[in-house]
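Below you'll find the structure, written out as structure tokens, and then a few comments.
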2 protein chains.
Amino acid sequence: MTGPTEEQPDRARRRASRNGPAKPTIADVAALAGVSVSAVSKVVNGRDGISPPTRQRVLDAAAKLGWAPSATAVALRGARTRAIGMVAGRSPDVLATDPHFTLLISGIERELAPADHGLLLHIVGEEPGAEERAYRRLAEERRVDGVILTESRVGDLRFDLLRRLRLPAVLVGAPWRDDPVVAVRAADQDAGVRAAVAHLHGLGHRRISYVSGPQDRVHTVFRRRVFAEAMAEHGLRPGRTLISDFTAQGAVAAMRELLAADAGERPTAVLFANDTMAVAGMNAARRLGFDVPRDLSVIGYDDLPLGELVYPSLTTIGQDLVQLGRAAAAAMFGLLSVPHATGPVPVRPPRLIPRESTGPAPV
Amino acid sequence: MTGPTEEQPDRARRRASRNGPAKPTIADVAALAGVSVSAVSKVVNGRDGISPPTRQRVLDAAAKLGWAPSATAVALRGARTRAIGMVAGRSPDVLATDPHFTLLISGIERELAPADHGLLLHIVGEEPGAEERAYRRLAEERRVDGVILTESRVGDLRFDLLRRLRLPAVLVGAPWRDDPVVAVRAADQDAGVRAAVAHLHGLGHRRISYVSGPQDRVHTVFRRRVFAEAMAEHGLRPGRTLISDFTAQGAVAAMRELLAADAGERPTAVLFANDTMAVAGMNAARRLGFDVPRDLSVIGYDDLPLGELVYPSLTTIGQDLVQLGRAAAAAMFGLLSVPHATGPVPVRPPRLIPRESTGPAPV
DNA sequence: TTGAAAGCGCTAACAG
DNA sequence: CTGTTAGCGCTTTCAA
């Protein structure tokens, strides 16, 4: 006789089932160490009031069982899920051409991982409402402690939604007017576009065009304004500005339109809102018989590795997306009062990276 | 007097605190609807035994409060987190050049989202042990119901680890020998490389080289074998094979080495293990004075959008990464017995996509 | 220095 | 048809 059956704890009985060993719980660790569950809890949480020998026995038992506190149970107890949400409203196709998101995510992870937080990602496509639904679910189901947003729009509805949902939020990039949200961005956002215009002006370019992103994006509006200002500062007529999407096809169409003009009107340099469009535009120009940079200079935005791979290599405006992601995560931790190693993360201003796709203006 | 203070429920008292309204719970919904909590539970879970009017009252109350069952509580109760984990062991830099992961993730999400599952992503860099630690934490903390793996290695340790951790796993790609894991992959994996060799042979190429990925990757080993077989089938000497990493720099170095040979030995066509390397290699060749495709034909792998952007556009072997991701998620649902709309997802074999970077062999 | 016990929000038996 | 209640695994008072 080893004892009355009804004394056998539930766990042990379950463990004997044909499913093999169940996942260990704090009770198993306590039993193995010969202590109470609260002792185990105190040990793993670094609370004091535990003698070194007891502590060691608990640690050994936990290691032997391969046990760590269940994130779920901890979350239920303390209302902290230790997960941050992010919703990307982009089609796989755009996502594939443009590592913008991927870089941001890398940066975010760099901060989250050491603090033992996870990133819950939702990629939802661009159907209207999909993004909002994703945030709503994240909030209502309390799956995450907060969310990181990107690509603020003019008249963005997400901030209000999130505030109603009481979900802490951090925006990567500039908010529109005074949207009530914590935003992280580079110091001196405008430096890149200004430097690009100055660079082209110095090369003798006078007719410079700008191919922007969709106009509901806040950064589109801001950058176009900066572009216009910079042109004026150099005493140039505001160049022609085309509104495009972020796709390669859009860039090709824009390039065709710009190059269709008479020689005297045709731009000798074009700024694109991202590198993908710039590369696509560059090739479109070449297929139309224009040599880059001899007949036409091209500048991108983001400094993706792509720009170094192509021929001619792409002059571009670099922004440190990884760092921006880190900053966003750090800001989130601030909002949540989560202690974390890194303090506030500085983000350098965007800067011009001259390569082969820009050259002297044609005479 | 509205009643004795000690009768006031906890919730209501908390709600009155300065923090504003607390997140509603099932009890709040029940109270508002004037029913019991179990009635609410039954309604949201579609159980029967609830009269239509009651049901409606509950639904209204839930909507009014913006309530949905707490994912945490549900998980604790049922041991299902409704989240799938994925660990990407890649540096941000590689991630940025190569949307391989991004596309996979898009596909995974496409399946997960409709089934109301989340994707918990960990990007860990390539330090040894980092990946394993990430999986271990995912498992020990029971944050996810299962994990999706990519890039199986020769002698991969992760499968054993995950089995010990009792975490269901699905591998994207071919396992090495008979690693005990559910794997999803395209029908006829080898079709792409075979088609590429046939294509080049048809264009008159006789000296064809292959620049592979790191040799601990299973697909590297398999594809090299297929390459050798295909060459033999066409009566060609096995071309020179170089082992590289997946980076642009690696490709440039490989290209330099291949083109340094005497004209009689120099390959007239090169197959690369991914598109990034192919594009980088193509440009390296051009900088060395070789025209593509006149002097040298180049073929990539993956069919990333990048291939269409560059000039000349890249002939490549396309595999449907989004579909592979979907298949992996579907397989995971199978493993977890989660009912989901999509049945098993078929993945088409890799196929050759001829573009401008391949042409007749130089005479 | 240790342990017992009360919940966190939810679901599923079981009773009415 | 509807309500009561016992946990899921954990942390945290409060007592011993």
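Note that the structure is predicted; figures quoted are calculated from it, not measured. For the numbers below, each heavy atom of this structure counts, side chains included, while hydrogens, waters and symmetry mates do not. To find a chain, count down the sequence lines: A is the first, B the second, and so on, and within it residues start at 1.
B/S38 and B/S41 share no donor-acceptor pair across their side chains, judged by distance under 3.5 Å alone.
Side chain of B/V44, nearest nucleotide from D/dG3, C/dT11, D/dG9: C/dT11. Set against C/dC10, D/dG9, C/dT1, the side chain of A/S70 has D/dG9 as its closest nucleotide. When each of D/dT12, D/dT4, D/dG9 is scored by its nearest atom to the side-chain atoms of A/S38, the top-ranked nucleotide is D/dT12. When each of D/dT2, D/dG9, C/dA13 is scored by its nearest atom to the side-chain atoms of A/R77, the top-ranked nucleotide is D/dG9. Checking C/dA5, D/dG3, D/dC1 against the side-chain heavy atoms of A/V37 singles out C/dA5 as nearest. The side chain of A/K42 has C/dG3 as its nearest neighbour among C/dG3, C/dC14, C/dT11. The listed nucleotides are D/dC1, D/dC8, D/dT11; the one nearest the side chain of A/V74 is D/dT11. For A/S41, taking side-chain heavy atoms from C-beta onward, the closest of the listed nucleotides D/dT11, C/dT11, C/dG3 is D/dT11.
The side chain of B/S36 places an N or O atom within less than 4.0 Å of a non-bridging phosphate oxygen (OP1 or OP2) of D/dG3.
We find that B/E131 and B/R158 are joined by a salt bridge, their nearest charged nitrogen and carboxylate oxygen being less than 4.0 Å apart.
Using a 4.0 Å heavy-atom criterion, one finds that A/T72 contacts no nucleic acid atom at all. Counting non-hydrogen atoms under 4.0 angstrom, B/R47 reaches the backbone sugars and phosphates but no base.
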Side-chain atoms of residues 61-72 of chain A: list all donor-acceptor pairs with protein atoms under 3.5 Å, sequence neighbours left out, distances to 0.1 Å.
residue, atom, partner, partner atom, Å
A/S70, OG, A/T72, N, 3.2
A/S70, OG, A/A73, N, 3.1

